[in-house]
Amino acid sequence: MSTPTAVLGSRPPALLAPALRPARTVVRWAVRHGLPAIYLQGGARRGDPVGLLLRDRSVREEPYALYEELRARGPVSAGSLGLVTPSHAVASEILRSDRFGVGWDRSAAPWLIRWALAFGDELDATGVAEPPSMLVVDPPDHTRFRRLVSRAFTPRATAAFEPVVQRTADSLLDALELRGGQVDLVQSYAAQLPVLVIAELLGVPTDRRTDFLRWGAAAAATLDPGLPFARYVAAERALRAMHAFLREHFERLRRNPGEDLVSRLVGLSDDEALTERELHATVMLLLGAGFETTVNLLGNGVVLLDAHREQWDALRAAPSGWDGAVEEILRYDSPVQITGRTVKEAGTLGGREIRPGARVTVLLGAANRDPEVFEDPARFDVGRVNARDHLAFSAGIHYCVGAGLARLEGVVGLRALSERFPGLRVTGRPVRRDLQTLRGFEHLPVTLR
Ligand code: HEM
């Protein structure tokens, strides 16, 4: 395992990413973001909650009051992008039922949309929220991809990773101890730990890891519908650079395979082999999901425990409580706030008629504050007995592959931090990331002591 100094050290020249193709970029943006933006903007003007959530930065920063407004309207209501649910019971039903899927039938779309999707289709501009990423494909393809990666994330495989996570956390903390004083904890710790760990798991060379953080930060926005053009272009550039890196990485591992998951994926026998596009989608998802989410768990955790100081002190006195604390952080301020599904079969949902093709927005962050499941849900309590009933990792067939690893990073990362800097305090204004689907901090000024 490399040291943080090596990671943060000299950077190799940028890879030659394929250039943007302007006409295709405009068409891609228009169909994926421009059109949804029009719907969402109109919805926000009419006071529609989903429109407000996705378009109004102040609501996005503090969405919990809006979630309660939605809850008061019932378990399922109509929003600008279809139906929406803040209910834990309905969300669980949707996520676990095969009456819903993640894919949608493109052949039923108007011809102009179909043309735009086909014209704009390009591997190098494809993000993790587009097929064939397993996040957005249904069985049987989903089953095929998932089987190939889940072997690397069994409870046993994850537990074997604990020494790596601990060592990585310790070496990052050593570097922080040398610096002392006030630091940005997201930039210097919460973002670094997950990227170092997932890079190790995927056999990524040390000198590219700082690039991932830069690319990941820009590309994470592609999870959100309705991006402005300039942000989309920045995200697409980052995606192109990531694909170029992956292409080079796969070549290297084909010539010289290691023990890591990606070496296994590039070396699959013909009957299991992934196509080039499937390989890119799978590894890009693992890489992105591996570090763009856990950073939020760590940052949200530090802010919550700083605001509930007695709980931080109690955890320091009884570190076995960290497992429960991580579950409560995931529940209380979920790193992934939103997901969605498409209705596959006609029926009813929360007392409403639903038709095939309809879209349902599932508000995971709201489900995790449902008073039907969590007593006094707006209270942050690391000793909450049923905190683990949250849906922060989703449920059903798309349940997070990396949940065990994320929990391990959360527990080891926060525990090690509290042991090394028991008097740590947030001493500046934390700045939230300007994202909708993911929820966390971009900057977190703390004083180490
Ligand atoms: C706190 C950290 C994390 C959170 C909150 C989180 C959350 C989620 C959620 C909510 C989903 C499912 C979305 C849906 O149902 O539509 C998901 C899927 C996924 N996550 Fe995570 N995740 C985290 C960390 C990780 C890590 C460390 C990895 C590392 C490999 C990872 C890999 C994946 C993959 C591959 C999927 C797709 C699974 C599928 O579609 O079958 N995640 N994650």
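Counting starts at 1 for both ligands and their atoms, in listed order. Just the heavy atoms: all of them, side chains too, but no hydrogens, waters or symmetry mates, feed the values below. In this text, all values refer to a predicted model and were calculated from it rather than measured experimentally.
Taking the six-membered ring where the residue is Trp, His142 and His398 present tilted rings, their angle falling between 30° and 60°.
The side chain to side chain donor-acceptor pair (under 3.5 Å) test applied to Ser263 returns Asp260, not counting sequence neighbours.
Using a cutoff of 4.0 Å between basic side-chain nitrogens and carboxylate oxygens, Glu276 and Arg247 are not scored as salt-bridged. Ionic pairing of Glu61 and Arg429 is not present here: no N-O contact between side-chain nitrogen and carboxylate oxygen is shorter than 4.0 angstrom.
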Expected rows: ligand 1 N/O, protein N/O, dist below 3.5 Å:
unit_1, atom_1, unit_2, atom_2, d
ligand 1, 15 (O), Arg341, NH2, 2.7
ligand 1, 15 (O), Ser394, OG, 2.6
ligand 1, 16 (O), Thr339, OG1, 2.6
ligand 1, 16 (O), Arg341, NH1, 2.9
ligand 1, 16 (O), Arg341, NH2, 3.4
ligand 1, 40 (O), Met134, O, 3.4
ligand 1, 40 (O), His398, ND1, 2.7
ligand 1, 41 (O), His142, NE2, 2.6
ligand 1, 41 (O), Arg146, NH1, 2.7

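Screening residues 154-176 for ring pair (Phe, Tyr, Trp, His ring centres under 6.0 Å), with sequence neighbours left out, gives no hits. Sorted by first and then second residue, the pairs that involve residues 321-365 and meet ring pair (Phe, Tyr, Trp, His ring centres under 6.0 Å), not counting sequence neighbours, are Tyr332-Phe380.
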